[in-house]
Novice: 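Handing you this structure, nothing more for now.
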Amino acid sequence: PALLQGIAPEDLDLLHRPGRPELRLRPAPGPDGVEALLLVPGIALYRVGRGSLVALALPEADACAAPRTSSLLARLFTNLGIPLDQPPGIDPAAISLLDE
């Protein structure tokens with residue numbers, strides 16, 4: 001799936017933690033049930049109704065800061081469409097100051 005674009009299979013081992021299984025969902029009855037699309041160590045991707053749900057099992061905070069893990073997380077978030085940096089432009093907080 002597009003979620004894993006640009007990610008080497010061996011890098012996924014960085015998210016796997018024994019004893020910390022991925023989030024598992026059970027399908028509810030009806031047309032808007034749950035469909036598992038991807039289940040790999042540390043990542044679960046589901047279609048839920050007309051949307052999707054991605055669950056990540058993150059490593060400990062100090063491990064997340066390691067360059068290889070940090071790069072993997074950045075790639076996953078980018079593949080999910082999550083912006084990592086504040087886009088250039090006017091700070092939304094500054095706009096509220098104009099009214100004062």
Side-chain angles (χ1 to χ4, degrees):
L3 175 63
L4 299 180
Q5 184 176 8
I7 297 174
E10 58 271 9
D11 286 341
L12 291 176
D13 289 339
L14 297 170
L15 299 180
H16 177 68
R17 296 287 175 262
R20 285 179 57 185
E22 295 73 38
L23 176 68
R24 303 290 181 170
L25 298 178
R26 282 182 245 166
D32 292 335
V34 174
E35 177 187 356
L37 301 176
L38 173 71
L39 295 172
V40 296
I43 302 175
L45 171 63
Y46 292 93
R47 178 171 292 122
V48 181
R50 286 176 271 175
S52 60
L53 170 73
V54 176
L56 300 173
L58 297 176
E60 300 300 325
D62 57 337
C64 286
R68 188 169 162 219
T69 305
S70 174
S71 177
L72 169 64
L73 294 174
R75 170 56 63 190
L76 286 169
F77 292 148
T78 299
N79 289 352
L80 287 168
I82 299 170
L84 300 179
D85 293 327
Q86 178 72 20
I90 298 173
D91 179 11
I95 293 173
S96 66
L97 296 176
L98 296 176
D99 295 333
E100 295 176 0

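Predicted model, so just to flag it, every value in this text is computed and none were measured.
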Novice: From Leu76 CG over to Ile7 CD1, what is the distance, rounded to the nearest 0.5 angstrom?
Specialist: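 Between atom CG of Leu76 and atom CD1 of Ile7 there are 4.0 Å.
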Novice: Heavy atoms only: give me the nearest Gln5-Asn79 pair and the separation to one decimal.
Specialist: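 Closest heavy-atom pair between Gln5 and Asn79: O-ND2, 2.9 Å.
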Novice: Please check: side-chain N/O of Ser71 versus main-chain N/O of Pro67, any donor-acceptor pairing under 3.5 Å?
Specialist: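 Side chain of Ser71 to backbone of Pro67: no pair is present.
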Novice: What verdict does the side-chain contact (heavy atoms from CB on, under 4.5 Å) test give for Leu37 and Leu3, after you've listed the backbone C-alpha separation in whole Å, the side-chain angles of each residue and the deciding distance to 0.1 Å?
Specialist: CA-CA 11 Å; Leu37 301 176; Leu3 175 63; over 6 Å; no
Novice: To the nearest 0.5 Å, tell me how far Leu72 CG sits from Leu12 CG.
Specialist: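 Spacing of CG (Leu72) from CG (Leu12) equals 6.5 Å.
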Novice: Would you call Leu53 and Val34 a side-chain contact if the rule is heavy atoms closer than 4.5 Å?
Specialist: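 In short, these two side chains do not touch, never coming nearer than 4.5 Å.
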Novice: If every non-hydrogen atom of Glu10 is compared with every non-hydrogen atom of Arg68, which pair is closest and at what distance?
Specialist: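 Closest approach of Glu10 to Arg68: O-NH2, 3.4 Å.
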Novice: How close do Leu45 and Ser52 get, counting heavy atoms only, and between which atoms?
Specialist: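 Shortest heavy-atom separation between Leu45 and Ser52 comes out as CD1-CB, 4.4 Å.
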Novice: Name all residues meeting the salt bridge (Lys or Arg N to Asp or Glu O under 4.0 Å) criterion together with Asp13; count only those two or more places apart in sequence or in a different chain, and write none if there are none.
Specialist: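 Applying salt bridge (Lys or Arg N to Asp or Glu O under 4.0 Å) to Asp13 gives none.
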Novice: Write down the atom of Cys64, the atom of Pro59, and the distance for their closest heavy-atom approach.
Specialist: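 The answer is SG-O, 3.5 Å.
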Novice: Is there side-chain contact between Leu73 and Leu15, with heavy atoms separated by less than 4.5 Å?
Specialist: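 Result yes, sub-4.5 Å side-chain heavy-atom pair found.
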Novice: Listing request: all salt bridge (Lys or Arg N to Asp or Glu O under 4.0 Å) pairs with a residue in residues 70-82, at least two apart in sequence or in separate chains.
Specialist: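 Sorted pair list comes back empty.
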